[in-house]
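Start at 1 and go down the list; that is how both ligands and their atoms are numbered. Model, not experiment: these values are computed from the prediction. Values below: every heavy atom of this structure, side chains too, minus hydrogens, waters and symmetry copies.
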Amino acid sequence: MEQSTIAAIATAPGESGIGIVRMSGPQALTTLRRVFRDNRGRKRERFTARHLYLGYIVDEKEQMLDQVLVSYMPGPTSYTGEDIVEVNSHGGALILREILSLLLRQPEVRLAEPGEFTQRAFLNGKLDLMQAEAVIDLIQAKSKTALQQAGRLLRGELSQRVLGIREQIVELLATAAASIDFPEHDIPEITSQRMLEGIGKALQAMEVLLSTSFAGRVLREGLQVAIVGRPNVGKSSLLNALVGKERAIVTDIAGTTRDVIEEYFSISGIPIRLLDTAGMRETEDPVERIGVALAEQTMRDADLVLVVIDQSQPLQEEDGATLDVVAGQRRFIVLNKSDLPSGLTAEDRDKLATEQVFQVSAVTLEGLDELRSAMADLVVQGVLQPESPFVANARQEQLLREAASSLQAARETVAAGWPLDMVQVDLQAAADRLGEMVGLKASADLAREIFSRFCIGK
Ligand code: GDP
């Protein structure tokens, strides 16, 4: 298959205690023999697998580059599935570069592309695509939970689930194929029934996984919280109060927060991204209109919307309009200015009765702890008590959605009493999408795109 031997510096650039240069491929061991001298300056022919050897790296003129520890991990039981050699040298940027360039001067050794070691591991069947993606997540994890989740994915927990569902679908495909033997329109009732049950079960399993994609996204990107409401209800003040510092411009001239202002704080290590949007009112001012459009987009993308209402006044038409825009989104109603006498009517209160309501004052800070802890609960429910490995990224989520919709189409076909062989296309499509998730049939382009997100040396 892949005949070249690749080499790269695997440790982060800069000065450090040690640095690692690694090589993978058929020439790794030959190259090591050529550049390594033991403590007594002798060449070594034999390297026992996974042993450390102390010695020196020498260049073509037998000049010593550094004292090193080297190890040899023969394929196929190595990370990449190929012969791997690792050179632990001192961690100076120059030392590492010199060792790397010596290796690159050897025949058939070339510089590795970003992620190429892991790509080879994937191509050699050491990791599936989701496990490979977990390697990036592991390296980039920003919280302990994200780290644990990536660990689960790397161990293949999500892959096993997905392959399990795929297996169920493949069985259904066999049933559908067998039904061709029955005369048309004469399918035994029992077969259709079994088919419907099987499809239902697979769909349910997919939905469980899909429900984790929210948690997966929160883990990766944090919880996106949009603060919305008509001008002057106290959105900027609330943002400042939640974050605990002066950032947004607070004025009492309607419409001063013109663009979307963002601030972060964190709950249990999960970043909460707070977005303060411009007032949601109709406006003629072009600058403000941009703000309004931006606000609407921000609101739609948010995981949670805080609808701020000034409770010192009766509900206004614009408050109602804001509530309509965010209908169907996860939302908390924040009744601000609780330090002032309430101006809400009994009718207003009725209207909000079914909502999750928080009474707060951005000035006295009353009620803010309750609001914060409700946000924390949301994060905790979604993220910190995972019963299932999470769907880890948009690629996986998209494929899972496509598989689910093919399966729904198959269910409709069976329910409508069509011959069972007609569901084969949809079942096959569902099985294929799940296969792509795991990378059973990954195209070269897809693999390249995924692995290019890695750093060099991984
Ligand atoms: P925004 O336009 O919704 O961002 O509103 P601002 O945060 O700019 O606040 C508008 C006005 O309401 C300012 O004068 C704030 O001082 C005042 N305000 C905000 N929150 C409160 C509150 O909880 N109580 C009182 N009394 N005034 C508040």
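When only interatomic distances are considered, the shortest N/O to N/O separation between D276 and ligand 1 does not fall below 3.5 Å. The distance criterion of under 3.5 Å between nitrogen or oxygen atoms is met by G234 with respect to ligand 1. Taking distance alone, with nitrogen or oxygen atoms compared against 3.5 Å, V233 approaches ligand 1 more closely than that limit.
Contact annotation for V363 and ligand 1: heavy atoms of both the backbone and the side chain come within less than 4.0 Å of the ligand.
For D66, the side-chain hydrogen bond (donor to acceptor under 3.5 Å, both in side chains) partners at least two apart in sequence or on another chain are H90.
No side-chain heavy atom of I309 sits under 4.5 Å from any side-chain heavy atom of D348.
Residue-ligand proximity, D339 to ligand 1, at heavy-atom distances under 4.0 Å covers atoms 22 (C), 23 (O), 24 (N), 25 (C), 26 (N). Near L340, meaning under 4.0 Å from one of its heavy atoms, ligand 1 places the atoms 26 (N). Contact atoms of ligand 1 toward K235: 1 (P), 2 (O), 3 (O), 4 (O), 5 (O), 7 (O) (distance under 4.0 Å to a heavy atom of the residue). Atom numbering of ligand 1 starts at 1 in the shown order; those under 4.0 Å from a heavy atom of A362 are 20 (N), 22 (C), 23 (O). Of all atoms in ligand 1, listed by their number and element, those nearer than 4.0 Å to a heavy atom of S237 are 6 (P), 7 (O), 9 (O), 15 (C), 19 (C), 20 (N).
Applying the ring pair (Phe, Tyr, Trp, His ring centres under 6.0 Å) rule to pairs touching residues 324-365 yields F332-F358, sequence neighbours excluded.
With E82 as the partner, the salt bridge (Lys or Arg N to Asp or Glu O under 4.0 Å) test is satisfied by one option alone out of K126, R120, R22: R120.
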The test is side-chain contact (heavy atoms from CB on, under 4.5 Å); show your working for D426 and L407 and say whether it passes. CA-CA 6 Å; D426 285 325; L407 219 48; over 6 Å; no
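R395 approaches M437 most closely through the heavy-atom pair NH2-O, 2.8 Å. The two residues L400 and L434 have their closest heavy-atom pair at CD1-CD2, 3.8 Å.
Across the listed options N336, L365, V334, N336 owns the non-hydrogen atom lying nearest to atom 20 (N) of ligand 1.
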